[in-house]
Number of protein chains: 2
Amino acid sequence: MVNTTPFLSPHPAFVANPKSHCGTCNLRDLCLPIGLVDAELDRLDHIVKHRRRIARDGVLYRMNDPFVNLYAIRVGHFKTYQVNANGAHHISGFQMTGELLGMEAISSYRHQCNAVALEDSEVCEVPFSELENLLKDVPIMLHHFHRMMSHEIAQDRNAMLQLGNLRAEQRFAAFLLNLSTRYKNRGYSATHFQLRMSREEIANYLGLTNETISRLLSQFKKTGWVKANNREIALIDLPALRLLAEGK
Amino acid sequence: MVNTTPFLSPHPAFVANPKSHCGTCNLRDLCLPIGLVDAELDRLDHIVKHRRRIARDGVLYRMNDPFVNLYAIRVGHFKTYQVNANGAHHISGFQMTGELLGMEAISSYRHQCNAVALEDSEVCEVPFSELENLLKDVPIMLHHFHRMMSHEIAQDRNAMLQLGNLRAEQRFAAFLLNLSTRYKNRGYSATHFQLRMSREEIANYLGLTNETISRLLSQFKKTGWVKANNREIALIDLPALRLLAEGK
DNA sequence: CGCCCTGTTGAAACAGATCAACGGAGGTGG
DNA sequence: CCACCTCCGTTGATCTGTTTCAACAGGGCG
């Protein structure tokens, strides 16, 4: 259901590769699989000047901040959320290692959402204007970047489809499967992982309430599709979850 | 609420400019405001080889079609929709003159949705690989393209916010205001326009039912916020609609 | 003219929200 | 180390917005 091509995720072998010249950034690692030569990789290393640590609940950027950098998540998890006129906020996504934050800001030169760390995390600052300069000299990287932006669009479309079409239990199943796929692509278990976000945050993301999420999880436990202990999740019956998410 | 910077819409003066060398495409017009020199514009003209007419209900591309071209809408309206495993379909957006179709397909080399004309329409085929070639030589166009993709992301995020947070009447008000803004940016009336899509299609897009849309429209007519006759819409009280859309 | 498709309106059913109470985990300070 | 407190998660009972089902009106088109 969710289109998460391995190509666009860091190959496990490259995540946090200690041999990276950069030493500050997984951006190089992200790009290794696309076949860059050393000189190109060096240029990539050089535009990333800062690695930034963000503590749990720390803010990476805020809505309306001027747009300067993209951020490649080196370790950790983030959430991005928007705040509307009457103060209500809506989580637009959860991001994990290897994903790129801030692309929504290119069009308006200001960030369109808040980005907050869900756990102690680390990002690489990628000055966008310098990245664009580099991209125009390295066609393969240019193309890769376009694919990353396009992937973001495809993902958002998918999330819209879920919000607009699916019943609560389907949305939640799709959410768990989405996490599963993304962890798998990063070389982690597709069936056993820890939720980094609260029930409240999941509910907000899915357009539901925390009570509903709680009830659904209990229900999934009862049917034997998942085991769960607090935020520790084990997906027992992936096929059943897929069937449910895809509309019974 | 919706971030539709004028920069990213064609300036009214440039839409369907009969003097365009291209003659087949409004892509040149779309790019005029960003300050390209003639030689660059000529290159842009040359990569667009085909203009395509699509009759009402005609298909521009289908889900899973191999990705070759982006399409710039020259005249008309389109809808894009996805079909899930059990046949249900969900409209992910309505596109109008000057907007670019197909960006969701760059990442996977296949289209992720169906694009269908809501009325007799005309598009310019933009071969993507040739466009990328051009972009790397013309930094200002490259940047403009990135802004267009980013704008798409920001828009989708906004739609997600609406689907996830708003009650039916708020969604529908936000929908009408979104159309209003986009027509205004194209030099048309912000208050008087014709819906190109059925109640059914609006409902599907907003995650509601056609009955609900119908009831809401009646309600808006009763309160005097809009006048409506079939698909002819007049927004009488924009401030009231904005207040409603932003959460009372 | 008559058919079909789109839109409207009403009544009943239901999914999920809301309100409320409680239990348990983890962190903090004594 | 324990007691306390707060936040998070769970479960139950009720309420409500939206869907569903149904009937009908109107307009466009063959």
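Each chain gets a letter, A, B and so on, in the order its sequence line appears, and its residues count up from 1.
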- Name the orientation class of the two ring planes belonging to A:Phe172 and A:Phe220 (parallel below 30°, tilted from 30 to 60°, perpendicular beyond 60°).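 Parallel.
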For the pair [X] and [Y], find out whether any cationic side-chain nitrogen is under 4.0 Å from an anionic carboxylate oxygen.
X	Y	value
A:Glu122	A:Arg52	no
B:Glu232	B:Lys227	no
A:Asp156	B:Arg157	yes

- Item | A:Glu211 (side chain) and C:dC19 (base): donor-acceptor pair under 3.5 Å |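 In this structure, the two groups form a donor-acceptor pair.
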- Distance-only donor-acceptor test, A:Glu201 side-chain atoms vs D:dC8 base atoms, 3.5 Å: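 Per atom types, no contact qualifies.
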Answer yes or no: does a side-chain N or O of [X] lie under 4.0 Å from OP1 or OP2 of [N]?
X	N	value
A:Ser198	D:dC8	no
B:Ser214	C:dT6	no
A:Arg215	D:dT10	no
A:Thr212	C:dA17	yes

- If you look at every strand shown and take non-hydrogen atoms under 4.0 Å, does A:Leu208 touch a base, only sugar-phosphate, or nothing?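 Contact class for A:Leu208: sugar-phosphate only.
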- How is B:Arg231 classified with respect to the nucleic acid when contacts are heavy atoms under 4.0 Å: base, sugar-phosphate, or nothing?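 Contact class for B:Arg231: sugar-phosphate only.
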- Task: Could you tell me if the ring centre of A:Phe94 sits under 6.0 Å from that of A:Tyr205?
- Result: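 Centroid separation for A:Phe94 and A:Tyr205: below 6.0 Å.
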What is the distance from [atom1] of [X] to [atom2] of [N], rounded to the nearest Å?
X	N	atom1	atom2	result
B:Asn204	D:dT19	CG	C1'	14 Å
A:Phe172	C:dA17	CZ	P	13 Å
B:Arg199	D:dT18	CZ	P	18 Å
B:Leu217	C:dG7	CG	C1'	10 Å
B:Gln219	D:dT18	CD	P	10 Å
B:Asn165	D:dG17	CG	P	17 Å
B:Asn230	C:dC5	CG	P	17 Å
B:Lys221	C:dG7	NZ	P	12 Å

- Of A:Thr209 and B:Ile213, whose closest DNA chain C nucleotide lies nearer the 5' terminus?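 Mapping each residue to its closest nucleotide by heavy atoms, the 5'-most match is B:Ile213.
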